[in-house]
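Here's the structure, in structure tokens; my notes come after.
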Amino acid sequence: MTSDASRIAELADAGVRMIERLRRKAFLPDTRKGLDVRYGIAEAATLLGCSTNRIRMAEEDGRLPQPPATDSGRRAGYTIEELLHMRDVLGASPARAPLDQPPIIAVQNFKGGVGKSTVTTHLAHYLAVQGYRVLVVDCDSQATTTTLFGLNPHFNVTREETLYPYLSIDPTQADLLYAVKKTPWPNVDLIPSNLELFDVEYEMAAAGADGGSILATRFRKLKAGLMDLARSYDVVLLDPPPALGTISLAVMQAANALIVPLAATTPDFCSTVQFLSMMEQVIGQLGQAGIDVDYSFVRLICSKFNGNDPAHAMVQQIMEQTFGPALLPVPILESAEISHAAMRMMTVYELDKPIGTARTHKRCRSNLDEALGQVEQLVRRGWGRVSPVSEEALVNEAA
């Protein structure tokens, strides 16, 4: 008789093969994820905080290359890489100053299903569109973030390419540079994950009497490694496991800021309250062990909000009354466009055209820009700055 373990293994194998089929179907012809999104001159001007005339003048005087034209003679639009070059030429880069501390933001909630990895990946791509250099670190052995970046964690990622060689009891790597992978985004890098990263949890549990000291060492080591890498980026985003384990604790200690996503349901609200209570206890225990936790900001964001659902509106009011200004005022709306993009192992920012209706896509993208822009403002406030004022705003103010 086939054992239960064998049946589960068969189900897992079938699932792995299906993931690979979906990935190949999404990224044909070469099965590698690309980035085909382009921005028109009006949208580029908005992103750069300047006028379209300024872009055209820079193209006419040779500071910027002329954009390629389509067969119909229209502008083809600008790629992300071209936008980054435009930012450098026009002095519109939002990059932090050398003395600014790069935020290392953990996107964490111990309850699954709150959109933790979706928020992490969309936030990374939002910041990339705005011109920031971003490092995403997938610390979750379920590797959802790795999958959203177009990698199959079973076929495309080995244990040696994850955090494991660095955090293992018998480490083979002295820093984290070995694990950094390029992504289709020129200003976003990724440290991927796969199921074998969970071996770190087993090793810590088997550490015996010396487990406490080993754990403290691993906490400090992860923080040191991330801080070393962060020098090359403007923002570092961490996606920890949705559970209280050794990796989650190490990530929470390594971070210097915290975003807590939660859905607008009573179970999610109750679970998040428990998460915050648990975090208070954990931080206190870490402090007693001489391991400091210091966050520049802690904010909650409603990650799946349906404005047409009275129950969601009621729970949102409860969250506002409970958490006050710690709850970001603009929630991420529940949208079919996000779900459809995820089916293609993408974010909304990677779509070169709407999957649903143009109206749905525009509404979703506008909401994401506004909701995730709240996090950008927290980052810039930590540097003592706010977002640059556009030329149009300056003209209107002068008038």
Side-chain angles (χ1 to χ4, degrees), residues 104-123 136-145 147-148 193 195 197-198 201 205 237-287 293 295 297-335 338-339 342 367-368 371-372 374-375 378:
I104 302 175
I105 306 173
V107 182
Q108 176 64 304
N109 194 325
F110 290 162
K111 184 181 186 303
V114 297
K116 179 172 59 67
S117 298
T118 301
V119 170
T120 301
T121 314
H122 275 85
L123 179 56
V136 180
V137 185
D138 193 350
C139 313
D140 185 357
S141 58
Q142 296 180 64
T144 304
T145 292
T147 302
L148 286 172
S193 179
L195 188 59
L197 179 60
F198 196 75
E201 302 280 358
L237 300 177
L238 310 179
D239 184 11
L244 182 59
T246 54
I247 294 178
S248 291
L249 290 175
V251 168
M252 304 310 292
Q253 192 270 336
N256 57 30
L258 179 64
I259 294 291
V260 182
L262 70 160
T265 69
T266 301
D268 280 282
F269 172 77
C270 295
S271 175
T272 300
V273 171
Q274 293 301 313
F275 163 71
L276 295 172
S277 298
M278 194 178 300
M279 279 296 300
E280 176 194 13
Q281 297 176 23
V282 168
I283 290 174
Q285 292 170 357
L286 290 174
V293 176
Y295 296 144
F297 62 80
V298 176
R299 294 292 187 278
L300 299 94
I301 184 167
C302 184
S303 55
K304 293 181 178 181
F305 182 73
N306 184 349
N308 297 320
D309 188 334
H312 279 216
M314 181 183 68
V315 175
Q316 186 188 36
Q317 290 183 347
I318 293 173
M319 290 191 295
E320 290 172 348
Q321 294 172 9
T322 305
F323 301 127
L327 177 71
L328 294 175
V330 179
I332 296 176
L333 299 178
E334 201 168 41
S335 174
I338 294 176
S339 301
N367 166 250
L368 285 170
L372 300 175
Q374 300 171 121
V375 181
L378 292 170

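- Nearest heavy-atom pair, Ile338 versus Leu368, reported as atom, atom and distance to 0.1 Å: CD1-CD2, 4.3 Å.
- The two atoms that bring Pro329 and Pro331 nearest to each other are O-CD, 3.4 Å, heavy atoms only.
- In this structure, the separation between CD on Gln316 and CG on Leu327 is 7.0 Å, given to the nearest 0.5 Å.
- Put simply, the side chain of Asn109 gets close to the backbone of Pro261: a donor and an acceptor are under 3.5 Å apart.
- Each of Leu328, Val298, Ile105 was compared with Leu378 under the side-chain contact (heavy atoms from CB on, under 4.5 Å) criterion, and only Leu328 meets it.
- Residue Gln108 comes nearest to Pro241 through the heavy atom pair NE2-O, 3.1 Å, listed as atom of the first residue, atom of the second, then distance.
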Handout entry: Val136 vs Asp239, side-chain contact (heavy atoms from CB on, under 4.5 Å): CA-CA, chis, key distance, verdict
Key = CA-CA 8 Å; Val136 180; Asp239 184 11; 5.7 Å; no

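- The closest side-chain heavy-atom distance from Val282 to Leu249 is below 4.5 Å.
- For the pair Thr121 (side chain) and Ser117 (backbone), a donor-acceptor distance under 3.5 Å is present.
- Within the structure, side chain to side chain donor-acceptor pair (under 3.5 Å) contacts touching residues 276-285 (residues at least two apart or in different chains) do not occur.
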Problem - Leu276 vs Phe323, side-chain contact (heavy atoms from CB on, under 4.5 Å): CA-CA, chis, key distance, verdict - result: CA-CA 11 Å; Leu276 295 172; Phe323 301 127; 3.7 Å; yes

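- Put simply, the side chain of Leu258 reaches to within 4.5 Å of the side chain of Met252, judged on heavy atoms.
- Side-chain atoms of Ser141 never come within 3.5 Å of backbone atoms of Leu197 as a donor-acceptor pair (strictly under, hydrogens ignored).
- With Phe269 as the fixed residue, the side-chain contact (heavy atoms from CB on, under 4.5 Å) test singles out one of Thr272, Thr266, Val273: Val273.
- Side-chain contact check for Asn367 versus Val330: some heavy-atom pair is nearer than 4.5 Å.
- At distances below 3.5 Å, at least one donor-acceptor pair connects side-chain atoms of Gln374 with backbone N or O atoms of Ala371.
- Side-chain atoms of Leu238 and Ile104, non-hydrogen and from C-beta on, do get closer than 4.5 Å to each other.
- The line from CD of Gln274 to CZ of Phe110 is 12.0 Å long, rounded to the nearest 0.5 Å.
- Of the possible polar contacts, one joining the Lys116 side chain to the Pro240 backbone as a donor-acceptor pair under 3.5 Å is found.
- Considering every non-hydrogen atom in both Ala263 and Val114, the closest pair reads N-CG1, 4.3 Å.
- Taken to the nearest 0.5 Å, the OG1 atom of Thr120 stands 10.0 Å off from the CD1 atom of Ile259.
- Of all non-hydrogen atoms in Cys302 and Met319, the two that sit nearest each other are SG-CE, 3.9 Å.
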Handout entry: Test side-chain contact (heavy atoms from CB on, under 4.5 Å) applied to Ile332 and Leu372, step by step
Key = CA-CA 8 Å; Ile332 296 176; Leu372 300 175; 4.2 Å; yes

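- Of all heavy-atom pairs spanning Asn308 and Pro310, the tightest one is O-CD, 3.4 Å.
- In this structure, Phe305 and His312 have tilted ring planes: the angle between them lies in the 30° to 60° band.
- Counting heavy atoms from C-beta on, the side chains of Glu334 and Asp309 never come closer than 4.5 Å.
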Problem - Worked verdict on Lys304 versus Asp268 for side-chain contact (heavy atoms from CB on, under 4.5 Å) - result: CA-CA 11 Å; Lys304 293 181 178 181; Asp268 280 282; over 6 Å; no

